[in-house]
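This is the structure, below, for whatever I ask next.
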Amino acid sequence: MQVLSMLYLWLKAGHVIFVIFWMAGLFMLPRYFVYHQEDGLTGPMHATWTDRERKLLKIILWPALTMVWVLGLALAMVIGAFQQPWFHAKLGFVLILTAYHFWLAGYAQSLARGEARLTGRRLRMLNEVPGVTAAVIVILVILKPFS
Ligand code: HEM
C-alpha cells in the first residue's frame with residue numbers, strides 16, 4: 001500500500017515537471033515563428049531560425065509530449081481515473097493541446113520550406129490556445145467537477 005502511494009506521488013511529480021516543459025515549448029515555438037517570419041524566409045537567418053525550431057521540437061517538445069502522456073496514463077491507472085467523468089473531460093482538452101502540438105510541428109516544416117501560412121498577428125493570437133486549454137485542464141484536475 002505504501003509502495004503504491006509513493007509510486008503515485010513520484011508519478012505525479014514527474015507528470016507535472018514534464019507538463020511545465022511541454023507548456024514552455026508550446027508557448028515558445030509560435031514566438032520563434034513570428035521572429036523567423038520577420039527576419040525573412042531566405043538567407044542565413046532563415047537557416048538559423050529553422051535550426052532553432054527543429055531543436056526546440058526535438059529536444060523539448062517531442063520528449064515532453066511523450067513523457068506527459070506516459071506518466072499521465074500511468075497515474076490514471078494507479079488511481080483508476082478511467083471511470084471518472086472529470087478525467088474524460090480532461091482527456092478531451094489534452095487531445096486539443098496534442099493536436100495543437102502536431103499542427104505546430106507541421107507549421108515548422110512549411111516555414112523550413114519557405115512558406116508562411118499565417119501573419120505574425122495571427123501567430124501571436126494562437127498563444128491563447130495553450131493558455132486557455134491549460135487553465136481548463138488544471139481546473140478539471142484540481143477541482144474534479146462532476147465526480
Ligand atoms: C497527456 C495526457 C494526460 C493524462 C493522461 C493526465 C492524467 C493525469 C492524472 C491521472 C493525474 C492524477 C490526478 C489525481 O491524482 O487526482 C494528473 C495530475 C495532474 N495533471 Fe495531468 N494528465 C495529462 C496531461 C496534463 C496536462 C496537459 C496538464 C496541464 C496543462 C496536466 C496537469 C496536471 C496537474 C497540474 C496534475 C496534478 C493535480 C494534483 O495536484 O492532484 N496534465 N494528470
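Every number for a ligand or one of its atoms is a count from 1 in the order of the listing. By convention here, the first residue in the shown sequence is residue 1. No hydrogens, no waters, no symmetry mates; every other heavy atom, side chains included, goes into these values.
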On the 0 to 90° scale, with breaks at 30° and 60°, tag the His101-Trp22 ring pair as parallel, tilted or perpendicular.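 Tilted: the ring planes of His101 and Trp22 meet at 30° to 60°.
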Could you give the side-chain donor-acceptor pairs of residues 41-50 under 3.5 Å, partners two or more places apart or in another chain?
from, atom 1, to, atom 2, distance (Å)
His46, ND1, His36, NE2, 2.8
His46, NE2, Ala112, O, 3.4
Thr48, OG1, Pro44, O, 3.0
Trp49, NE1, Asp39, OD2, 2.8
Thr50, OG1, His46, O, 2.7

Ring pair (Phe, Tyr, Trp, His ring centres under 6.0 Å) involving Tyr100 - partner list, sequence neighbours excluded: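 Listed in chain order: nothing, the list is empty.
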Can we call the ring centroids of Phe18 and Phe21 under 6.0 Å apart?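 Between Phe18 and Phe21, the centre distance is under 6.0 Å.
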Which pairs, with at least one residue in residues 88-116 and sequence neighbours excluded, count as a salt bridge (Lys or Arg N to Asp or Glu O under 4.0 Å)?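 Sorted pair list: Arg113-Glu115.
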Is the shortest distance from a Lys or Arg side-chain nitrogen in Glu53 or Arg31 to a carboxylate oxygen in the other one below 4.0 Å?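 Looking at Arg31 together with Glu53, the answer is no, because their closest N to O distance does not fall below 4.0 Å.
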Show the distances, to 0.1 Å, for all pairs joining an N/O atom of ligand 1 and a protein N/O atom that are shorter than 3.5 Å, listing one pair per line.
from, atom 1, to, atom 2, distance (Å)
ligand 1, 15 (O), Tyr8, OH, 2.4
ligand 1, 16 (O), Lys144, NZ, 2.5
ligand 1, 20 (N), His15, NE2, 2.9
ligand 1, 20 (N), Lys90, NZ, 2.7
ligand 1, 22 (N), His15, NE2, 2.9
ligand 1, 22 (N), Lys90, NZ, 2.6
ligand 1, 41 (O), Lys12, NZ, 2.8
ligand 1, 42 (N), His15, NE2, 2.8
ligand 1, 42 (N), Lys90, NZ, 2.7
ligand 1, 43 (N), His15, NE2, 2.9
ligand 1, 43 (N), Lys90, NZ, 2.6

